[in-house]
Amino acid sequence: MKILFATSEAQPLIKTGGLADVSGALPPALQDLGVDCRLLLPGYGPLLDRLGPVREVAHLGGLPGGLEGRLLQGSLPNSTVPVYALDIPVAFQRPGGPYQDVTGHDFPDNAWRFALLGKVAARLAGPATPLDWQPDVLHCNDWQTGLAPAYLHYQGRPTPSVMTVHNLAYQGIFPPHVLANLDLPPQSFQMEGLEYYGNLSFLKSGLYYSDRLTTVSPSYAEEIQGEHLGMGMQGLLANRRGSLRGILNGIDTGDWNPASDLHLPGSYSARAPAGKKQCKAALQQELGLVQEPRAPLFGLIARMTHQKGLDLVLAVAEGIVHRGGQLIMLGTGDKLLEQAVRVTAARHPGRVACFIGYDEGLSHRIEAGADCFLMPSRFEPCGLNQMYSLRYGTPPIVHATGGLRDTVENGVTGFVFAEPSPHSLWLAVERAFDLYSRPAEWKRMMLAGMHKDFSWEHSARQYLGVYQELAPGT
Ligand code: ADP
Ligand code: GLC
């Protein structure tokens with residue numbers, strides 16, 4: 001089975017969120033099952049720096065906007081999974097992140113940039129590929145690769161495609177005039193196609209033209225067919241429910257292992273959990289919190305967006321401090337949320353701390369050093385941090401939604417609350433305080449989480465099943 005996995009981020013090459021974790025871990029897990037899985041990514045500057053030795057394997061002409069590019073081949077660090085980097089410096093090598101400039105604004109030409117990615121994915125998947133390798137299935141991820149199934153459709157569907165929705169909130173919506181520059185026929189711009197309320201939607205294109213749809217947890221697969229979380233796509237998704245599957249993400253159990261995690265000042269495991277205390281003391285010191293070994297320490301790591309429910313956490317911060325707890329928040333994103341987080345930390349020196357920014361090492365140290373993890377997301381397609389928390393003996397407090405509902409057992413491995421409201425979250429926080437004051441019971445919950453198996457193998461088998469439906473006999 002040959003799979004081309006097209007994505008806009010992959011750990012450890014380039015990352016803004018969970019899509020990168022999945023793109024960095026699922027392909028090696030598929031490879032372990034005997035699948036020849038290869039990645040296609042934009043050749044961003046930092047990605048090319050981290051990719052190591054590469055060779056040019058193709059020259060690509062006739063791309064949208066009359067551009068030319070090169071395809072460079074390297075491999076995913078610490079694995080033998082091949083990576084094709086689409087090298088078009090004018091599109092992908094600029095200051096800022098993958099989608100935004102240094103001031104946090106979307107690049108104005110994102111439609112064109114990610115049309116290039118989709119176009120090249122479709123070309124590599126079809127008979128006109130310049131490579132001596134053609135996939136049996138093209139696997140696309142999120143809106144950034146959403147045009148690829150449309151390009152394949154207008155090539156006569158030579159190869160089947162799968163579209164995975166990691167987050168329906170990001171849809172890649174652009175004004176209709178950009179279509180003129182994207183090499184798609186005008187008739188694609190209709191309701192039965194990529195038109196969406198008068199605009200062009202990259203995500204809708206993927207949802208409409210791909211052969212199979214998956215999303216990253218069974219609960220989210222149900223939720224997105226309804227009005228509440230369907231983000232306007234519920235009709236199309238409900239129509240395609242026969243082709244839609246919810247496959248829970250796994251986690252990279254090599255990167256996220258408290259027994260061997262090099263970011264930590266000490267190591268521990270379910271059998272020898274004592275090192276966790278050392279991680280907590282070091283974390284309190286690192287972020288200037290009062291050194292109190294018995295103060296329940298709550299941690300949070302998130303992109304700071306409305307989705308993640310940070311406002312709910314800020315609403316209970318004072319209560320946490322009053323009950324003798326401590327709180328650490330790590331994240332970056334919405335400037336108003338960042339500011340509100342800073343203000344809350346400044347109000348409670350020594351008890352509440354924050355780090356605004358992106359810090360891989362600190363994210364590991366919070367997972368290990370905190371006693372309890374906060375994840376009150378309003379919606380969560382899968383969520384990875386709650387699984388990291390379970391593995392690190394840091395029972396999570398989660399809202400009953402999407403993948404959070406599918407991975408945390410209320411009262412057994414963590415605390416699940418029903419409503420995304422400060423009151424509902426606060427009741428769960430109080431339950432955590434109460435249980436924490438009964439060390440034997442707390443330890444039982446920690447160990448129950450640490451014994452859960454969230455490795456990728458099981459999920460990778462389910463993806464393989466989807467590929468086999470599309471390419472039987474391979
Ligand atoms: P999402 O993809 O919606 O952001 P996930 O829980 O699936 O949510 O994945 C988020 C990933 O990004 C996790 O690996 C998390 O640790 C990481 N992450 C998010 N923000 C930061 C940050 N500021 N610093 C370090 N890692 C972060
Ligand atoms: C998205 C979702 C998150 C999911 C991740 C990887 O960014 O918000 O819930 O875990 O993608 O699939």
Side-chain angles (χ1 to χ4, degrees), residues 5 7-12 14-26 97-99 104 139-145 163-171 203 214-221 223-224 229 231 246-253 255-256 261 263 287 299-310 328-334 337-338 341 354-368 370 373-392 394 396 398-399 401-408 454 456 459 463:
F5 192 92
T7 180
S8 59
E9 20 186 302
Q11 182 70 342
I14 185 98
K15 168 165 167 175
T16 70
L19 171 61
D21 301 53
V22 174
S23 303
L26 173 57
Y99 321 118
H139 188 157
C140 300
N141 295 276
D142 276 355
W143 74 264
Q144 293 88 343
T145 53
M163 178 81 209
T164 295
V165 178
H166 296 264
N167 195 335
L168 205 56
Y170 300 95
Q171 304 191 345
L203 183 68
T214 71
T215 187
V216 288
S217 69
S219 284
Y220 195 60
E223 289 165 354
I224 56 179
L229 291 180
M231 311 258 173
I247 303 178
L248 193 69
N249 286 333
I251 61 173
D252 189 322
T253 49
D255 273 2
W256 292 93
D261 188 333
H263 296 293
L287 287 172
L300 174 149
I301 304 160
R303 287 183 298 111
M304 294 195 171
T305 63
H306 186 67
Q307 171 189 350
K308 302 292 178 180
L310 265 130
I328 287 180
M329 295 171 280
L330 163 65
T332 173
D334 185 300
L337 281 173
E338 288 183 354
V341 166
C354 70
F355 184 91
I356 304 296
Y358 189 90
D359 189 327
E360 192 80 30
L362 182 56
S363 74
H364 286 245
R365 292 192 291 280
I366 292 177
E367 287 292 5
F373 194 83
L374 294 171
M375 204 151 167
S377 312
R378 291 192 162 77
F379 65 93
E380 196 60 78
C382 178
L384 298 169
N385 278 307
Q386 83 281 13
M387 292 192 266
Y388 301 149
S389 304
L390 292 167
R391 188 160 162 82
Y392 277 59
T394 310
V398 303
H399 172 216
T401 186
L404 300 177
R405 180 208 296 275
D406 293 344
T407 50
V408 181
F454 291 115
W456 265 105
S459 314
Y463 280 105

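Read the numbers this way: they start at 1 and go in the same order the structure lists the ligands and their atoms.
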For [X] and [Y], test the side chains for any donor-to-acceptor distance below 3.5 angstrom and give the result as yes or no.
{"X": "D21", "Y": "Y388", "answer": "yes"}
{"X": "D255", "Y": "Q11", "answer": "no"}
{"X": "T394", "Y": "S389", "answer": "no"}
{"X": "Q307", "Y": "E380", "answer": "yes"}

If you count the atoms of ligand 2 from 1 in the order shown, which ones are under 4.0 Å from a heavy atom of [X]?
{"X": "V216", "value": "12 (O)"}
{"X": "Q307", "value": "8 (O)"}
{"X": "V22", "value": "6 (C), 12 (O)"}

Could you tell me the residue and atom name of the protein heavy atom closest to [atom], and the distance to it rounded to 0.1 Å?
{"atom": "atom 2 (C) of ligand 2", "value": "H166 O, 3.1 Å"}
{"atom": "atom 4 (C) of ligand 2", "value": "G383 N, 3.6 Å"}
{"atom": "atom 3 (C) of ligand 2", "value": "E380 OE2, 3.3 Å"}

For this session: Would you mind telling me if ligand 2 is within reach of the side chain of D21, the backbone, both or neither, using heavy atoms under 4.0 Å?
Result: neither
Problem set entry | Sub-4.0 Å heavy-atom contact, G403 with ligand 2 | no
Exercise. Between Y463 and W456, what is the ring plane arrangement, given parallel below 30°, perpendicular above 60°, and tilted in between?
Worked result: tilted
Check ligand 1 against the protein and report each N/O to N/O distance under 3.5 Å, formatted as atom name, atom name, distance.
unit_1, atom_1, unit_2, atom_2, d
ligand 1, 2 (O), G18, N, 2.6
ligand 1, 3 (O), R303, NH2, 2.8
ligand 1, 3 (O), K308, NZ, 2.8
ligand 1, 4 (O), R303, NE, 2.6
ligand 1, 6 (O), L384, N, 2.9
ligand 1, 7 (O), L384, N, 3.4
ligand 1, 8 (O), K308, NZ, 3.1
ligand 1, 9 (O), G18, N, 3.3
ligand 1, 14 (O), K15, NZ, 2.9
ligand 1, 14 (O), D21, OD2, 3.0
ligand 1, 16 (O), N385, OD1, 3.2
ligand 1, 23 (N), G357, O, 2.8
ligand 1, 24 (N), D359, N, 3.0

Exercise. By side-chain contact (heavy atoms from CB on, under 4.5 Å), which residues pair with F454, not counting sequence neighbours?
Worked result: I251, M387, L390, T407, K452
Problem set entry | side-chain contact (heavy atoms from CB on, under 4.5 Å) partners of L229, counting only residues at least two apart | E223, F379, T401
Exercise. Quick one: does G18 get an N or O within less than 3.5 Å of an N or O on ligand 2?
Worked result: no
Problem set entry | Backbone of M231 reached by a side-chain donor or acceptor of Q171 within 3.5 Å | yes
Exercise. Distance-only, no hydrogens or angles: does the N141 side chain make a donor-acceptor pair with backbone N or O of T164 under 3.5 Å?
Worked result: no
Seminar exercise, completed: Residues passing the salt bridge (charged side-chain N to carboxylate O under 4.0 Å, His left out) test with R365, sequence neighbours excluded, are E286
